[in-house]
A.B. asks: 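Structure incoming, see below.
Here the structure is a predicted model, which means the values were calculated and not measured. Naming: A, B, ... by sequence-line order, numbering from 1 per chain.
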Amino acid sequence: MALQIITANRLLDGEVVYLGENAEWIENLSGAKTVDDADGEANLLAAAKEAEATQKIVGAYLMKVARDAAGIQTLSVKEEIRAKGPTVRYDLGKQAR
Amino acid sequence: MYRYDEFDSDFVQQRVEQFRDQVERRIAGDLTEDEFKPLRLMNGLYLQLHAYMLRVAIPYGTFNAAQMRKMAHIARKYDKGYAHFTTRQNVQYNWPVLKDIPTILEELAAVEMHAIQTSGNCIRNTTSDQYAGAAADEIEDPRVYCEIIRQWSSLHPEFTFLPRKFKVAVTGATTDRAAIRVHDIGLAIKKNAEGEVGFEVHVGGGQGRTPMIAKAVRDFLPKEHLLSYLEAILRVYNQLGRRDNKYKARIKILVHETGIEELRGLIEAEWERIKDSALKLPLDEVDRINDYFAAPAWEKLDATSRLFEVKRFEDRGFANWVKANVVAHRQAGYAIANISLKPEGEAPGDITDSQMEVVADLAEKYSFDEIRATHEQNLVLPHVKLDDLFEVYSILNTAGLATANLGLISDMIACPGLDYCALANARSIPVAQAISKRFSDIERQFDIGELKLKISGCINACGHHHVGHIGILGVDRKGEEYYQITLGGNANENAAIGKIVGPSFSYDSIVDAVETVVNTYLEIRNGKEESFLEAYNRVGLAPFKERLYA
């Protein structure tokens with residue numbers, strides 16, 4: 001099974017978040033919890049369902065990723081932009097922090 | 001310009017309070033996202049890639065200095081110091097947080113603005129000619145009828161949950177600057193053989209995944225029947241428009257599948273039934289609304305200005321700006337000054353809070369407190385004295401707002417694309433920026449002449465690529481961005497949908513491809529007098545295709 005993480009937007013400000021290793025919703029892709037089996041996927045979905053029910057996040061979905069020596073890597077332009085910010089304004093989004 | 005009456009103020013304020021309560025209930029968990037989403041969309045609030053996005057209505061693109069200053073204030077206090085003017089004469093903020101939205105709406109209400117009718121399956125904000133009230137070729141001011149349509153359509157109980165969104169555009173001039181033939185309903189003010197003023201009514205235009213040019217459903221509609229006829233069209237659409245498939249739900253599909261003749265029969269039958277009802281416009285009410293749009297107190301001036309001519313001779317930058325951005329006004333001694341929001345290498349339609357305040361000051365001092373937003377993502381000072389043009393230009397130039405490129409290749413429409421939009425498949429803005437840099441030489445742009453290039457980051461076509469002389473559509477191929485080129489589209493009174501030239505180009509090759517198209521045109525044109533579109537219409541796709549895929 002492909003390597004996956006789960007992502008969403010935070011309810012209060014729409015910030016892109018990922019479920020982290022410590023079961024918290026974090027802003028950086030690098031700390032996301034990865035899974036590669038059906039049980040892991042089910043756990044991610046269950047955590048997202050709970051977070052949606054408690055007004056932490058909206059629009060959660062599983063997202064395929066790769067891992068290399070530098071860490072977790074996105075597999076599409078869209079997820080790369082979500083992970084960093086607009087490619088036309090480096091002063092905005094996560095890349096600006 | 002129109003000022004809110006008691007009813008308008010009450011209903012906008014009520015909506016602010018309703019939405020404040022809805023946001024509080026959402027944050028508290030009393031509303032689920034499924035319950036909240038349609039409510040937030042009714043108030044112009046989307047969730048995009050990085051954050052929420054608030055779309056604020058600028059009815060028919062007309063606003064004033066106080067409203068612009070408020071928009072600047074919102075950009076500075078609640079957003080990231082800039083705003084984005086859209087292809088529907090609206091403005092968008094890309095970074096507001098949820099809890100601030102009701103307060104932002106309250107601030108907007110204080111200057112008679114709101115975000116209603118900017119989303120959802122309702123009758124959207126009516127758009128119009130940005131030169132309304134100033135254009136030399138105008139029959140009547142279309143804003144009067146846009147405002148009447150606004151009053152009729154806002155919160156219309158029958159049309160709040162249509163099969164799909166519904167867009168109306170109105171032009172009052174012989175040259176269509178409002179792209180009415182790619183709207184669900186397009187209205188062109190015209191005179192009949194008797195000299196009476198009414199509307200030519202077009203229905204079923206639109207872009208998106210199934211682009212269509214609207215068809216004329218009525219050649220002449222007396223103006224007192226405007227609302228009854230619109231109601232008849234909307235009623236037929238509301239009953240017969242598809243609700244089982246959102247991609248087939250727009251009225252253009254109904255027109256296409258039913259046929260204009262049959263649909264006209266249904267509309268006219270319904271109209272016969274209701275045309276003498278309360279929907280018949282009292283002409284004194286038209287006059288009352290007309291008074292809001294009375295011409296400003298223009299001075300009686302000479303048609304020429306010595307100061308203007310001297311400065312144009314002395315200052316090459318000013319001369320270029322006048323050549324590209326200044327348009328003839330109906331009143332002697334005045335001009336229409338376009339402010340391009342397409343500086344070299346910048347995001348089309350973006351403007352900073354400080355720049356917004358500069359435009360507000362200029363409008364107040366030099367343009368009778370009027371500003372217009374255009375569907376081509378620029379701004380307009382509609383009534384500037386020729387004597388004042390150089391001063392206006394100098395202040396714009398200092399603020400980085402004096403780019404001379406209106407209607408030229410670098411004056412592109414581009415949707416926000418994948419840099420912001422959750423629906424997009426590919427980026428639009430960096431493509432526009434790269435094209436802008438490639439064609440930055442103003443003499444080269446003047447040599448190329450009028451060329452409308454329009455870029456969409458997905459098939460929803462917010463960037464109007466279907467009606468670009470050159471259209472660019474971003475597509476996704478297994479997570480990678482590719483760009484399809486269309487040629488020959490046109491949004492004016494000779495509206496046409498562009499034709500796909502061939503296989504798409506990669507992100508790295510699309511700008512070269514555009515340059516190849518332009519160079520091909522320069523080689524084949526019959527002199528400078530033959531525009532890109534005229535040359536294309538003469539030769540078709542073949543020579544462009546040959547060069548692009550050689």
A.B. asks: Looking at B/G417, B/G479, B/P96, B/P416, which has the largest count of heavy-atom pairs under 4.5 Å with chain A?
C.D. replies: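 Result: the option with the highest number of such pairs is B/G479.
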
A.B. asks: In terms of heavy-atom proximity below 4.5 Å to chain A, should B/Q48 be classed as side chain, backbone, both, or neither?
C.D. replies: backbone

A.B. asks: Tell me, side chain or backbone of A/V16 under 4.5 Å from chain B's heavy atoms, or both, or neither?
C.D. replies: both

A.B. asks: Within 45° of the ring axis of B/Y82 and under 6.0 Å from its six-membered ring centre, is that where the NZ or CZ of A/R89 lies?
C.D. replies: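 Ring-cation test returns yes.
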
A.B. asks: Quick one: which residues of residues 62-69 of chain A reach chain B at under 4.5 angstrom, heavy atoms only?
C.D. replies: none

A.B. asks: Among B/Q433, B/R427, B/K80, which has the most heavy-atom pairs under 4.5 Å with chain A?
C.D. replies: B/R427

A.B. asks: For residues 23-36 of chain A, give me every residue with a non-hydrogen atom less than 4.5 Å from any non-hydrogen atom of chain B.
C.D. replies: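 Result: none.
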
A.B. asks: Between B/L418, B/D100, B/L98, which shows the greatest number of heavy-atom pairs under 4.5 Å with chain A?
C.D. replies: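 Highest number of pairs under 4.5 Å: B/L418.
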
A.B. asks: Determine whether B/K99 and A/L12 satisfy the following criterion, side-chain contact (heavy atoms from CB on, under 4.5 Å), listing intermediate values before the conclusion.
C.D. replies: CA-CA 7 Å; B/K99 72 173 176 51; A/L12 290 180; 5.6 Å; no

A.B. asks: Which answer fits B/Y52, side chain, backbone, both or neither, if we ask what part of it has an atom under 4.5 Å from a heavy atom of chain A?
C.D. replies: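 Contact with chain A: backbone and side chain both.
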
A.B. asks: Which bit of B/A426 is near chain A, if near means a heavy-atom gap under 4.5 Å: side chain, backbone, both or neither?
C.D. replies: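 Neither part.
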
A.B. asks: Could you go through A/V77 and B/E480, starting from their C-alpha distance and side-chain angles, then the distance that decides it, and tell me whether this counts as side-chain contact (heavy atoms from CB on, under 4.5 Å)?
C.D. replies: CA-CA 7 Å; A/V77 178; B/E480 277 190 58; 5.7 Å; no

A.B. asks: Mark yes or no for whether A/N9, through its side chain, and B/L49, through its backbone, hold a donor-acceptor pair below 3.5 Å.
C.D. replies: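 Looks like yes, one N/O pair under 3.5 Å.
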
A.B. asks: For atom CD of A/Q73, is the number of surrounding heavy atoms from other residues, nucleotides or ligands below 6.0 Å larger than 12?
C.D. replies: yes

A.B. asks: Take atom CG of A/N22 as the centre, draw a 6.0 Å sphere, and report whether it contains more than 12 heavy atoms from other residues, nucleotides or ligands.
C.D. replies: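 Not buried by this count: 12 neighbours or fewer within 6.0 Å.
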
A.B. asks: Would you name the heavy atoms of A/I81 and B/D419 that are closest together and state the gap between them?
C.D. replies: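 Taking A/I81 first and B/D419 second, the nearest heavy atoms are CG2-O, 4.0 Å.
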
A.B. asks: Can you tell which of A/T74, A/V58, A/L11, A/D91 has the highest number of heavy-atom pairs within less than 4.5 Å of chain B?
C.D. replies: A/L11

A.B. asks: Given the options A/G93, A/A53, A/G14, which has more heavy-atom pairs under 4.5 Å with chain B than any of the others?
C.D. replies: A/G14

A.B. asks: Taking B/I429, B/T32, B/N425 one by one, which has the highest count of heavy-atom pairs under 4.5 Å against chain A?
C.D. replies: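 Between B/I429, B/T32, B/N425, the count favours B/I429.
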
A.B. asks: More than 12 heavy atoms of other residues, nucleotides or ligands under 6.0 Å from NZ of A/K94: yes or no?
C.D. replies: yes

A.B. asks: Give the minimum heavy-atom separation between B/R26 and A/Q55, together with the two atoms involved.
C.D. replies: O-CG, 3.5 Å

